[in-house]
Number of protein chains: 2
Amino acid sequence: MSTHVEDYIKNIYKLQGEREKVTTSSIADALSVSAASVTDMIKKLSDRSLIKYMPYQGVELTHSGRRMALQTLRRHRLWEMFLVEFLNYTWDEVHDEAEKLEHIMSTDLEERIDKALGYPKHDPHGHPIPTRNGEIIEDDHPSLADLGINDSGVVVRVNDISQSLLQHMASIGIHMQSQIKVLDVVQFDGSMRVLIDDNNVFVSRQVARNIFVDIGGKK
Amino acid sequence: MSTHVEDYIKNIYKLQGEREKVTTSSIADALSVSAASVTDMIKKLSDRSLIKYMPYQGVELTHSGRRMALQTLRRHRLWEMFLVEFLNYTWDEVHDEAEKLEHIMSTDLEERIDKALGYPKHDPHGHPIPTRNGEIIEDDHPSLADLGINDSGVVVRVNDISQSLLQHMASIGIHMQSQIKVLDVVQFDGSMRVLIDDNNVFVSRQVARNIFVDIGGKK
DNA sequence: AATAAGGTTTAGGTATACCTAAATATTATT
DNA sequence: AATAATATTTAGGTATACCTAAACCTTATT
């Protein structure tokens with residue numbers, strides 16, 4: 001299937017979060033297209049001043065590229081929220097649908113959905129929804145893997161890297177605002193026993209790294 | 001902007017309602033593309049067995065073409081209904097948005113929206129929504145222009161041929177299920193004075209032809 | 001510093017959905 | 001029945017977003 005300009009920009013934005021310069025091959029991986037296709041597209045994006053590009057040196061979003069990325073992210077997250085709130089989707093079902101819908105959203109529709117949802121600040125996974133003006137507040141919470149025995153907090157965000165991870169987290173009772181407390185940590189592999197609301201469950205380190213908790217001020 | 005296969009099929013379906021064979025130029029007009037582009041596309045649709053095509057003889061939907069048309073129509077009308085019911089769109093605002101959204105709708109989303117709306121039988125303009133299996137019940141009601149003095153009925157459908165027509169109809173108080181009664185018909189131009197719910201309004205013949213009423217059994 | 005390995009770009013090609021201009025077919029008029 | 005008018009198709013060309021294979025840079029290793 002054919003990828004949108006918006007998908008390139010959105011993915012460059014995401015990759016940029018991790019490193020400064022974004023490489024051709026990392027974009028190719030993210031979008032599952034060939035490196036040659038990325039080079040092609042990169043030139044067009046550069047012509048449209050959405051990115052800064054020096055051959056062989058990688059790529060960086062310009063101001064207007066960043067704006068497009070945040071608008072697309074906003075639309076994606078509003079659609080996700082909408083699917084959950086109005087159509088009873090679960091958090092593991094929304095991504096693919098929102099991925100298509102985000103490109104089909106007039107400013108008018110965007111505002112109506114925002115209003116119907118009561119101007120939400122976060123999507124169903126706890127990710128911040130950028131404002132209409134392209135502002136985003138990235139909140140910085142520790143992951144469950146960072147906590148020690150007897151530490152506790154409230155689940156405020158999960159990574160939506162895969163559907164099966166999200167399904168797993170739901171199956172052990174993890175939701176937004178779940179109370180969570182670490183009971184025990186296995187030294188060997190970092191896995192842990194935790195109390196989620198009132199259930200005693202076991203969580204691998206891999207899973208724990210994708211759950212973020214508000215521990216109220218300290219740490 | 002680039003037109004979808006689905007748009008061609010949907011428009012051929014609509015044109016076919018009026019005549020048997022659909023001409024190249026009528027499709028070109030409906031989609032605002034050149035006749036040459038239509039000929040191009042027609043060959044592709046024929047290769048995919050969506051239409052029957054004999055050069056210079058026009059075009060006809062096959063069974064699977066008709067199925068695609070009705071599915072697209074169903075999705076369009078479900079989105080229209082959804083925009084009205086959940087996001088407070090008015091009937092003159094929904095068409096363009098639904099035109100884009102109809103192409104972005106998985107079977108799952110289609111069913112969830114259908115359910116959330118309570119399995120509606122008609123869209124906001126009173127057009128029948130085809131079933132999941134591609135059945136459609138075209139109800140055959142007289143237009144307001146067909147009525148004479150003292151005839152009365154209930155508005156059950158309006159043509160959504162233009163936004164300004166829909167806006168005009170709304171402005172004189174016409175809605176689905178409005179009570180309507182003909183008070184007077186001008187011989188010269190067929191325009192009429194009618195009672196809509198309890199308002200006395202004047203309607204040109206051009207407008208009257210686009211309003212359809214249920215007159216309860218008798219013709 | 002030379003070479004080997006890996007990443008990136010260029011060259012040339014595909015498919016889709018458009019276009020204009022020219023050629024051809026059909027239909028309507030005399 | 002010939003011609004004129006109109007509709008349709010063909011030919012050749014554009015832009016977008018992909019691809020593979022080959023050429024070319026950069027970086028890492030020895």
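Each chain gets a letter, A, B and so on, in the order its sequence line appears, and its residues count up from 1. Worth saying up front: this structure is predicted, and the values here are computed from it rather than measured.
Between B:Met54 atom CE and C:dT26 atom P the separation is 11 Å, expressed in whole Å. Atom CE of A:Met41 and atom C1' of D:dC19 are 14 Å apart (whole Å). Here the P atom of nucleotide C:dA17 and the CD1 atom of B:Ile9 are 12 Å apart, to the nearest Å. The separation between B:Leu45 atom CG and D:dT9 atom P is 13 Å, rounded to whole Å. Here D:dA17 presents its P atom at 12 Å from NE2 of A:His103, a figure rounded to the nearest Å. Rounded to a whole Å, the OH atom of A:Tyr53 is 10 Å from the C1' atom of C:dT10. As a whole-Å value, the separation of B:Ile27 CD1 from C:dC18 C1' is 16 Å. As a whole-Å value, the separation of B:Lys44 NZ from D:dT10 P is 13 Å.
Listed pair A:Thr39 / C:dT9 meets the phosphate criterion, a side-chain N or O lying under 4.0 Å from OP1 or OP2. Listed pair B:Lys43 / D:dT10 meets the phosphate criterion, a side-chain N or O lying under 4.0 Å from OP1 or OP2. Distances shorter than 4.0 Å separate some side-chain N or O of A:Thr3 from OP1 or OP2 on D:dC18. The shortest distance between the side-chain N/O atoms of B:Ser34 and the OP1/OP2 oxygens of C:dC18 is not below 4.0 Å. Residue A:Thr24 has a polar side-chain atom (N or O) positioned under 4.0 Å from OP1 or OP2 of C:dT9. Contact annotation: B:Tyr56 side-chain N/O to D:dT6 OP1/OP2 distance is not under 4.0 Å. Side-chain N/O atoms of A:Tyr8 include none lying less than 4.0 angstrom from OP1 or OP2 on D:dT16.
Put simply, CE on A:Met81 and CG on A:Asp123 are 7.5 Å apart, with the number rounded to the nearest 0.5 Å. A:Ile180 contributes atom CD1, which lies 4.5 Å from atom CG of A:Leu144 (distance to the nearest 0.5 angstrom).
Between B:Phe82 and A:Phe82, the distance separating the two ring centers is shorter than 6.0 angstrom.
In this pair, A:Phe86 and B:Phe86 present their aromatic rings perpendicular. The plane angle is above 60°, beyond the 30 to 60° band.
The residue A:Ser37 sits close to a base: some heavy atom pair falls under 4.0 Å.
Proximity of a side-chain donor or acceptor of A:Trp79 to a complementary backbone N or O of A:Leu101 within less than 3.5 Å is detected.
When each of A:Ala36 and B:Ser26 is assigned the nucleotide of DNA chain D bearing its nearest heavy atom, the one mapping closer to the 5' terminus is B:Ser26. Nearer to the 5' terminus of DNA chain D, by closest-nucleotide assignment, is the contact made by A:Arg48 (compared with the other of A:Arg48 and A:Pro55).
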